[in-house]
Protein chains: 2
Amino acid sequence: MDRLPSAKIRDSLEQRIVEGELGNGKRLDETELSSFYGVSRTPVREALQRLAESGLADHLPRRGTFVRSPSLSQLVEMFEVMAELECMAIRLAARRATANDIDALEKDNETCRAAVAANDTKKYYEVNARLHGRIYQMSGNSFLAIEARRLHDRLRPFRRLQLRVRGRMEESMAEHDIILAALRDGDADLAMETMKKHITIVGVRFNDLVSSFNQIMGDE
Amino acid sequence: MDRLPSAKIRDSLEQRIVEGELGNGKRLDETELSSFYGVSRTPVREALQRLAESGLADHLPRRGTFVRSPSLSQLVEMFEVMAELECMAIRLAARRATANDIDALEKDNETCRAAVAANDTKKYYEVNARLHGRIYQMSGNSFLAIEARRLHDRLRPFRRLQLRVRGRMEESMAEHDIILAALRDGDADLAMETMKKHITIVGVRFNDLVSSFNQIMGDE
DNA sequence: TACAACGAAATTGTATACCAAAACTTGGAG
DNA sequence: CTCCAAGTTTTGGTATACAATTTCGTTGTA
């Protein structure tokens, strides 16, 4: 699998954006990026076009391309949609999951729990993402899986908002437990209900959210 | 609003794809397109990158860019997700709709009904799209509105599948009526339930679907 | 100081020419 | 007919040039 430089650049930029290295309206200078990646402007421009198309950047004609960090209200909207997609995935997964699938989830969940105990947030995020990705796959709807993963990735830098709230990490683990148990029982309704609560940030007090948000975004 | 040539080409290609002019794995030749649009290869290549990113085309390294027509199973998956998004939109809209909003919907619905009576399918599709778009807006979640519209557009050439089935058009109108009435009553549950039925193609018999699909796609 | 106008510098968008690498085509040879 | 090799085509990318704008800095003025 020999990917093209332009595709690699696109992915690298995506990663650097969602990891926060390039944040908050940062200008993506074509010549600067071409020297950074050691290529000419052409592949860089193509990468930027694709970033803009996928919504991670904003392209203003003859002005430049800028990292698009969603506003707080857009962020809430995105989480609202994410909750719906996760809900849908778990509902389908509850119908289609095999014992093997659920075992794999349990395993991830235990790894997650260990990460919480060890206070290893990096590990937690990583395994958590894998767990949710597994659920998307288990839904049996590959289009849903792709879209959910895309949105999940895009929300990654903001997901920690959910965990800033005191005790949220333990609560989150408890929700995972309930969801997995519901999956084993084939109780789609309980799984959905818990998942919606699990994802949504509506329950987070608005002030907490705004302050965390400003911390992440650099406040200005 | 002076758009760039590359953006215009991208949109033109998108339109030509969803309208069916460029269908089913059609190769998008860079030099051919550049002479067609009277520009050099550069802006064409950028337009193709964006098309591929948005999922309307497939980009195979060093082989070319091809119109991506979803397989039948992918199509079912996409409609499944579409139903979920529409459901979500109508649920939110039921909470937030003003009398004015609903009046506008009623007006579109009447225009729709007239189009059905006159057997004017083109008009029907157009107004139907406007009506659904209005519901997305009414959800108050602009991110949902954008995503729903994007998927709606991508499914446009296949939406007629739903209407191929005998009597589906009248049934569809009846569903619109129920949804609007439910909106007026603030009955989100009824609106959602009807909307889900309205969008989903699961109810369509599989054979009907396959044969219609093959007709559209050129069968081969 | 504040500010408006003007011009220089920088950046984007496209054109053009060119080339390497990979894929496709074609024309036998067996 | 199948297989293989040479030639052709197409893509991905470099380098360069240049028009269209935007941005920035400076100057002149109130």
Side-chain angles (χ1 to χ4, degrees), chain A residues 1-17 21-71 217-218 220, chain B residues 1-17 21-69 71 218 220:
Chain A
M1 208 221 282
D2 181 41
R3 318 215 21 259
L4 298 171
S6 64
K8 283 195 214 166
I9 291 168
R10 186 227 167 271
D11 289 348
S12 165
L13 286 174
E14 168 172 327
Q15 189 171 357
R16 292 170 71 192
I17 289 174
E21 180 190 339
L22 305 169
N24 192 245
K26 167 83 179 171
R27 182 205 184 103
L28 300 171
D29 188 281
E30 297 179 359
T31 48
E32 190 183 314
L33 289 173
S34 45
S35 67
F36 180 88
Y37 287 107
V39 297
S40 70
R41 271 175 66 208
T42 312
V44 169
R45 283 181 56 79
E46 293 182 350
L48 292 182
Q49 300 271 350
R50 295 171 72 158
L51 273 189
E53 182 73 26
S54 78
L56 269 79
D58 230 343
H59 187 90
L60 307 180
R62 293 206 164 76
R63 300 176 128 233
T65 307
F66 305 83
V67 174
R68 164 146 70 189
S69 297
S71 72
M217 300 309 295
E220 71 192 75
Chain B
M1 209 226 284
D2 182 40
R3 319 216 20 257
L4 298 170
S6 63
K8 283 195 214 166
I9 290 168
R10 188 226 166 272
D11 290 348
S12 165
L13 286 174
E14 168 173 326
Q15 189 171 358
R16 291 170 71 191
I17 289 173
E21 180 190 340
L22 305 170
N24 194 245
K26 167 83 180 172
R27 169 159 196 201
L28 299 172
D29 187 280
E30 297 178 359
T31 47
E32 191 183 315
L33 288 173
S34 47
S35 67
F36 179 87
Y37 287 108
V39 296
S40 73
R41 269 175 67 206
T42 313
V44 169
R45 285 178 55 81
E46 294 184 351
L48 292 183
Q49 299 271 350
R50 296 172 70 157
L51 272 188
E53 182 72 27
S54 78
L56 269 79
D58 230 343
H59 188 92
L60 307 179
R62 294 207 159 75
R63 301 178 125 230
T65 307
F66 304 84
V67 174
R68 165 147 72 190
S69 297
S71 73
E220 69 193 75

(message) Could you measure the distance from the CG atom of A/Asp29 to the CZ atom of A/Phe36? Nearest 0.5 Å is fine.
(response) 13.0 Å
Could I get a table of every N or O pair under 3.5 Å where one atom is in the protein and the other is in nucleotides 9-13 of chain C?
| unit_1 | atom_1 | unit_2 | atom_2 | d |
| --- | --- | --- | --- | --- |
| C/dT11 | O3' | A/Arg27 | NH2 | 3.0 |
| C/dT12 | O3' | A/Arg62 | N | 3.4 |
| C/dG13 | OP1 | A/His59 | NE2 | 2.8 |
| C/dG13 | OP1 | A/Arg62 | N | 3.3 |
| C/dG13 | OP2 | A/Arg45 | NH1 | 2.7 |
| C/dG13 | OP2 | A/Arg45 | NH2 | 3.4 |
| C/dG13 | N7 | A/Arg41 | NH2 | 2.9 |

(request) Calculate, to the nearest 0.5 Å, the distance between atoms OG and CD belonging to B/Ser12 and B/Glu21 respectively. (result) 8.0 Å
(message) Measuring from atom CD of B/Glu14 to atom OG of B/Ser54, what distance do you get when rounded to the nearest 0.5 angstrom?
(response) 6.0 Å
(message) Just the rounded figure in Å: distance from P of D/dG12 to NZ of A/Lys8.
(response) 15 Å
(request) Rounded off to whole Å, could you give me the CZ-to-P distance for the A/Arg3 and D/dG12 pair? (result) 13 Å
(request) Indicate yes or no: at least one non-hydrogen side-chain atom of B/Arg10 is less than 4.5 angstrom from one of A/Glu53. (result) yes
(request) Examine D/dT14: is either OP1 or OP2 under 4.0 Å from a nitrogen or oxygen in the side chain of A/Ser40? Give yes or no. (result) yes
(request) Nearest 0.5 Å please: distance from the CZ atom of B/Arg50 over to the CG atom of B/Leu48. (result) 11.5 Å
(request) Specify the closest pair of heavy atoms between A/Val67 and A/Leu22, including all atoms of both residues, with the distance to one decimal. (result) CG1-O, 3.7 Å
(request) Take the protein atom OH of B/Tyr37 and the nucleotide atom C1' of C/dA15, then report the distance between them rounded to whole Å. (result) 19 Å
